[in-house]
Peer 1: 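Structure in structure tokens, see below.
Residues: numbered from 1 along the sequence shown. Note that this is a predicted model, so its numbers are computed, not measured.
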Amino acid sequence: QVQLVESGGGLVQAGGSLRLSCAASGSIASIFAMGWYRQAPGKQRELVAEIISGGSTNYADSVKGRFTISRDNLKNTVYLQMNSLKPEDTAVYSCKADVRRSYLSSPIGYWGQGTQVTVSS
């Protein structure tokens, strides 16, 4: 099995910063991609940022220039540095990892439990 453990959520004032971490552990041969998604009340889950094994990144337009995703491959950990936070960033943030459990298998997506980020105005 594969487990993803997130940390770093909380309450912050608008303009502040938070750093989320997500560590993957378990039966992992390699991780193709890791990313952060968020879901606000009454809204669909959306991709915030993802980082592929080669280092390329994708960001939602709403967070470009404010959020930075990074990855420590040795620790199977992904980070999301969130700066200049806005009230509309308030959501449950969930980590996803596309994991190969063997080098011959296709990646399977695994999710963390989610962490709440609340930005007050």
Side-chain angles (χ1 to χ4, degrees):
Q1 264 294 12
V2 175
Q3 299 82 35
L4 301 181
V5 178
E6 300 142 338
S7 60
L11 173 64
V12 65
Q13 288 188 331
S17 299
L18 283 174
R19 187 188 193 216
L20 305 182
S21 300
C22 172
S25 62
S27 180
I28 298 171
S30 66
I31 300 179
F32 172 68
M34 299 187 80
W36 290 95
Y37 292 71
R38 67 186 181 187
Q39 187 167 21
K43 295 188 176 181
Q44 288 190 329
R45 184 166 59 192
E46 62 172 353
L47 173 68
V48 177
E50 66 177 351
I51 183 165
I52 313 301
S53 58
S56 61
T57 57
N58 295 308
Y59 292 92
D61 288 342
S62 59
V63 307
K64 285 180 181 177
R66 300 188 297 123
F67 291 10
T68 302
I69 191 169
S70 61
R71 177 173 168 176
D72 185 331
N73 290 327
L74 292 179
K75 296 181 178 179
N76 288 334
T77 299
V78 64
Y79 306 95
L80 185 68
Q81 178 66 44
M82 304 185 294
N83 299 328
S84 302
L85 282 160
K86 304 175 181 180
E88 50 264 43
D89 294 318
T90 295
V92 174
Y93 285 69
S94 298
C95 170
K96 180 177 182 278
D98 295 326
V99 175
R100 289 189 177 94
R101 297 184 63 185
S102 74
Y103 287 104
L104 298 178
S105 64
S106 298
I108 299 173
Y110 292 88
W111 290 88
Q113 78 283 1
T115 184
Q116 177 69 46
V117 171
T118 303
V119 184
S120 63
S121 58

Peer 1: Can Y79 and T68 be said to form a side-chain contact (heavy atoms from CB on, under 4.5 Å), step by step?
Peer 2: CA-CA 8 Å; Y79 306 95; T68 302; over 6 Å; no
Peer 1: Indicate the atoms forming the closest heavy-atom contact of Q1 with R101, along with that distance.
Peer 2: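 Taking every non-hydrogen atom into account, N-NH2, 2.9 Å.
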Peer 1: Which heavy atom of G9 sits nearest a heavy atom of L20, and at what distance?
Peer 2: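 It is N-CD2, 3.6 Å.
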Peer 1: To check you understand the geometry: which heavy-atom pair defines the closest contact between R71 and A33, and what is its length?
Peer 2: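 Minimum heavy-atom separation between R71 and A33: NH1-CA, 3.8 Å.
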Peer 1: ring-ring contact (aromatic ring centres under 6.0 Å, His included) with Y59: which residues, sequence neighbours excluded?
Peer 2: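 None.
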Peer 1: Set out, in order, the CA-CA distance, both residues' side-chain angles and the distance that settles side-chain contact (heavy atoms from CB on, under 4.5 Å) for L4 and E6, then state yes or no.
Peer 2: CA-CA 7 Å; L4 301 181; E6 300 142 338; 5.6 Å; no
Peer 1: Can you find a heavy atom in the side chain of V2 that is under 4.5 Å from one in the side chain of I108?
Peer 2: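 Counting from C-beta outward, V2 and I108 never come under 4.5 Å.
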Peer 1: Nearest 0.5 angstrom please: R100 CZ to S53 OG, how far?
Peer 2: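 The CZ atom of R100 sits 7.5 Å away from the OG atom of S53.
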Peer 1: With sequence neighbours left out, which residue pairs that include part of residues 53-64 fulfil the salt bridge (Lys or Arg N to Asp or Glu O under 4.0 Å) condition?
Peer 2: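 Residue pairs passing salt bridge (Lys or Arg N to Asp or Glu O under 4.0 Å), neighbours aside: D61-K64.
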Peer 1: Might you point out which heavy atoms bring L47 and A60 nearest each other, and give the distance in Å?
Peer 2: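 Closest approach of L47 to A60, heavy atoms only: O-CB, 3.4 Å.
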Peer 1: What distance do F67 atom CZ and S62 atom OG have between them, rounded to the nearest 0.5 Å?
Peer 2: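 Going from the CZ atom of F67 to the OG atom of S62 covers 7.5 Å.
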Peer 1: Taking distance alone, no hydrogens or angles, what donor-acceptor pairs closer than 3.5 Å link side-chain atoms of residues 84-94 to residues at least two apart or in another chain?
Peer 2:
unit_1: D89; atom_1: OD1; unit_2: R38; atom_2: NH1; d: 3.0
unit_1: D89; atom_1: OD1; unit_2: R66; atom_2: NH2; d: 3.0
unit_1: D89; atom_1: OD2; unit_2: R66; atom_2: NH1; d: 2.8
unit_1: D89; atom_1: OD2; unit_2: R66; atom_2: NH2; d: 3.4
unit_1: D89; atom_1: OD2; unit_2: K86; atom_2: N; d: 2.8
unit_1: T90; atom_1: OG1; unit_2: P87; atom_2: O; d: 2.9
unit_1: T90; atom_1: OG1; unit_2: V119; atom_2: N; d: 2.9
unit_1: T90; atom_1: OG1; unit_2: V119; atom_2: O; d: 3.4
unit_1: Y93; atom_1: OH; unit_2: R38; atom_2: NH1; d: 2.9
unit_1: Y93; atom_1: OH; unit_2: D89; atom_2: O; d: 2.6

Peer 1: Quick one: does Y103's side chain have a donor or acceptor within less than 3.5 Å of a partner on A29's backbone?
Peer 2: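 Checked: pair present.
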Peer 1: Would I52 end up clustered with I69 when hydrophobic side chains under 4.5 Å apart are linked, directly or stepwise?
Peer 2: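 I52 and I69: separate clusters.
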Peer 1: Identify the two heavy atoms, one from S17 and one from N83, that lie closest to each other, and give their separation to 0.1 Å.
Peer 2: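 Closest approach of S17 to N83: OG-OD1, 2.9 Å.
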Peer 1: Taking all non-hydrogen atoms of both residues into account, name the closest pair between M34 and T77 and its distance.
Peer 2: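 M34 and T77 have their closest heavy atoms at SD-C, 4.3 Å.
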Peer 1: Report the distance from atom CD of E46 to atom OH of Y37, rounding to the nearest 0.5 Å.
Peer 2: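 Result: 11.0 Å between the selected atoms.
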